[in-house]
Amino acid sequence: GMRFCVLLSRQEIVLDIFDNAFFDGFQRLRRLLKQKGRKKMTDFSTMRTICFTGPRPNKLYGYKNKEKYQKLVDCIHDFLRGFCKIESDEILTIITGGAQGIDQLAFWAANSLKKEYSLKNEVYIPFVGQEELWNETGLFGKKEYRKMKSMSDRIVDVSKIRTLDVSTNDGKIKALLERNKEMVDNSQMIVGLYPLNKDFTKDRNSGTASCLRYAKGKIPICLPLIRL
C-alpha cells in the first residue's frame with residue numbers, strides 16, 4: 001500500500017491506501033470525517049481533472065537512474081488507477097507541465113493506463129522551446145519530450161493564452177509560474193511531490209512550493225508520503 005496526506009481546508013489527514021483501491025481509501029476517509037462531525041466534505045469521486053507538480057531530476061534521482069524512476073511511475077500509475085475505476089460520466093483528465101522530472105513521469109504513468117481505461121492526458125507547456133537546453137537523448141531528453149508531445153491528447157501553450165513575452169530570461173521564468181497557475185485553474189485537485197519535512201508555504205526557492213501555495217485554498221492538495 002501507499003500513503004497520502006490530503007490537505008483539506010487547514011486539516012491534514014493521513015490516508016492509507018491498500019491494494020491500490022484508492023477509492024476505498026477515500027470512502028474510509030469520508031467515514032472518518034463523518035465521525036468527527038464535519039459537515040462539509042470533499043467528494044473525491046467527483047475529482048475528474050487532476051494536475052501534478054514536483055521537482056526536476058536534480059532533486060530526484062538525476063538523469064540516469066531509470067530503475068528508480070520506473071518505481072515512481074508505477075506509484076503514480078497505481079494512484080491514478082483508483083480514479084480510473086470510479087464510475088463517472090466525465091472522463092478523467094490528467095494535466096502535467098511537460099518539464100523534466102515529475103511532470104514527465106506523471107505523463108507516462110497516465111499514458112500507461114490508456115490500455116485499460118479511457119482518459120485524457122494533457123500537457124501545459126510554459127512556452128514553445130522549453131526543452132532548448134536539454135540533452136538530445138537519454139532520460140528527460142528532447143527526443144522523449146517530442147514523443148510525449150506527440151502522444152498527448154492536447155497541448156496548451158500558456159505563453160499564448162496568457163499573452164506572455166518570453167523573449168527574455170525573466171519572461172521565461174514568469175511563464176513557468178504562469179503555467180503552474182493555468183494548470184491549477186483548470187484542475188479539481190493537485191498532487192504535489194514535495195519533501196514532507198519542509199513547509200511549502202514558506203519555501204521561496206521551489207517552483208513546486210510556489211505551485212502548491214497558489215493551489216492552497218482553491219483545490220485539495222494531495223502530498224504522497226513517499227521518500228524521494
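Starting from 1, each residue takes its place in the sequence as its number.
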Are Asp157 and Val128 close enough that some pair of their side-chain heavy atoms sits under 4.5 Å apart? yes
All pairs passing side-chain hydrogen bond (donor to acceptor under 3.5 Å, both in side chains) where residues 120-130 contributes a residue, at least two apart: Glu122-Arg154, Gln130-Tyr145
side-chain hydrogen bond (donor to acceptor under 3.5 Å, both in side chains) involving Thr201 - partner list, sequence neighbours excluded: Asp199
So, using salt bridge (charged side-chain N to carboxylate O under 4.0 Å, His left out) as the criterion, who are the partners of Asp170 when residues are at least two apart? none
Do Ile161 and Leu177 share a hydrophobic cluster (ILVMFWY, side-chain heavy atoms under 4.5 Å, transitive)? no
Donor-acceptor pairs are to be reported for all side-chain atoms of residues 106-118 against protein atoms at under 3.5 Å, with residues two or more places apart or in another chain.
residue, atom, partner, partner atom, Å
Ser112, OG, Ala109, O, 2.6
Lys114, NZ, Asp153, OD1, 3.0
Lys114, NZ, Asp153, OD2, 2.6

Can you name the residues that form a side chain to side chain contact (heavy atoms under 4.5 Å, CB included) with Asn169, not counting sequence neighbours? Ile173
Quick one: are Asp103 and Arg179 in side-chain contact, heavy atoms under 4.5 Å? yes
Just to verify, what does Glu178 make a salt bridge (charged side-chain N to carboxylate O under 4.0 Å, His left out) with, not counting sequence neighbours? Arg162, Lys181
Please test Leu164 against Phe127 for side-chain contact (heavy atoms from CB on, under 4.5 Å), starting from the C-alpha separation and ending with a verdict. CA-CA 9 Å; Leu164 305 172; Phe127 52 88; over 6 Å; no
Sub-4.5 Å side-chain heavy-atom contact between Pro55 and Ile102: yes
For Asp165, which residues count as a side chain to side chain contact (heavy atoms under 4.5 Å, CB included) partner, sequence neighbours excluded? Ser167
Spell out, yes or no, whether Leu119 and Ile76 are grouped together once hydrophobic residues are joined by side-chain heavy atoms under 4.5 Å, including indirect joins. yes
Strictly distance-based, threshold 3.5 Å: is any side-chain N or O of Ser206 a donor or acceptor partner for the main-chain N or O of Asp203? no
So if you build clusters from Ile, Leu, Val, Met, Phe, Trp, Tyr with side-chain heavy-atom gaps below 4.5 Å, do Leu212 and Tyr214 land together? yes
Between Val123 and Val156, is the side-chain contact (heavy atoms from CB on, under 4.5 Å) condition met? List the steps. CA-CA 6 Å; Val123 180; Val156 174; over 6 Å; no
Considering residues at least two apart in sequence or located in another chain, which fulfil the side-chain hydrogen bond (donor to acceptor under 3.5 Å, both in side chains) criterion with Gln188? none
Within the distance-only criterion (no hydrogens, no angle test), does the side chain of Tyr69 pair as donor or acceptor with the backbone N or O of Tyr61 below 3.5 angstrom? yes
Atom pair CZ/CD of Arg56 and Gln104 - distance to nearest 0.5 Å: 9.5 Å
cation_pi(Lys198, Phe200) dist<6.0 Å, angle<=45: no
Would you indicate whether Lys218, at its atom NZ, is surrounded by more than 12 heavy atoms from other residues, nucleotides or ligands within a distance under 6.0 Å? yes
If you round to the nearest 0.5 Å, how far is CG of Asp78 from CG of Asp74? 6.5 Å
Which pairs would a plain distance check flag for residues 133-143, meaning a side-chain donor or acceptor within less than 3.5 Å of a matching protein atom at least two apart in sequence or in another chain?
residue, atom, partner, partner atom, Å
Glu136, OE2, Arg146, NH1, 3.4
Glu136, OE2, Arg146, NH2, 2.6
Lys142, NZ, Glu132, O, 3.2

Going by side-chain hydrogen bond (donor to acceptor under 3.5 Å, both in side chains), name the residues that satisfy it together with Asn65, two or more places apart in sequence or in a different chain. none
For residues 88-98, tabulate all N or O donor-acceptor pairs below 3.5 Å that involve a side-chain atom, not counting sequence neighbours.
residue, atom, partner, partner atom, Å
Ser88, OG, Glu90, N, 3.0
Ser88, OG, Glu90, O, 3.4

Ile86 and Phe79: same hydrophobic cluster, using ILVMFWY side-chain contacts below 4.5 Å? yes
Could you walk me through whether Ile219 and Ile221 satisfy the side-chain contact (heavy atoms from CB on, under 4.5 Å) test, starting with their C-alpha distance in whole Å, then the side-chain angles of each, then the deciding distance to 0.1 Å, before giving a yes or no? CA-CA 6 Å; Ile219 54 175; Ile221 295 170; 5.6 Å; no
Test your reading of the model: is there a side-chain donor-acceptor pair from Thr163 to the backbone of Lys160, 3.5 Å cut-off? no
Non-hydrogen side-chain atoms of Cys211 and Val184 separated by less than 4.5 Å: yes
Hey, are the side chains of Cys222 and Ile190 touching, using non-hydrogen atoms and a 4.5 Å cut-off? no
Atom of Pro126, atom of Leu176 and distance for their closest heavy-atom approach: CG-CD2, 3.6 Å
Apply side-chain contact (heavy atoms from CB on, under 4.5 Å) to the pair Lys85 and Leu80, showing each step before the final yes or no. CA-CA 9 Å; Lys85 284 179 176 172; Leu80 289 175; over 6 Å; no
Within-4.5 Å side-chain heavy-atom neighbours: Thr53 and Leu193: no
Can you name the side-chain hydrogen bond (donor to acceptor under 3.5 Å, both in side chains) partners of Tyr63, sequence neighbours left out? Gln100
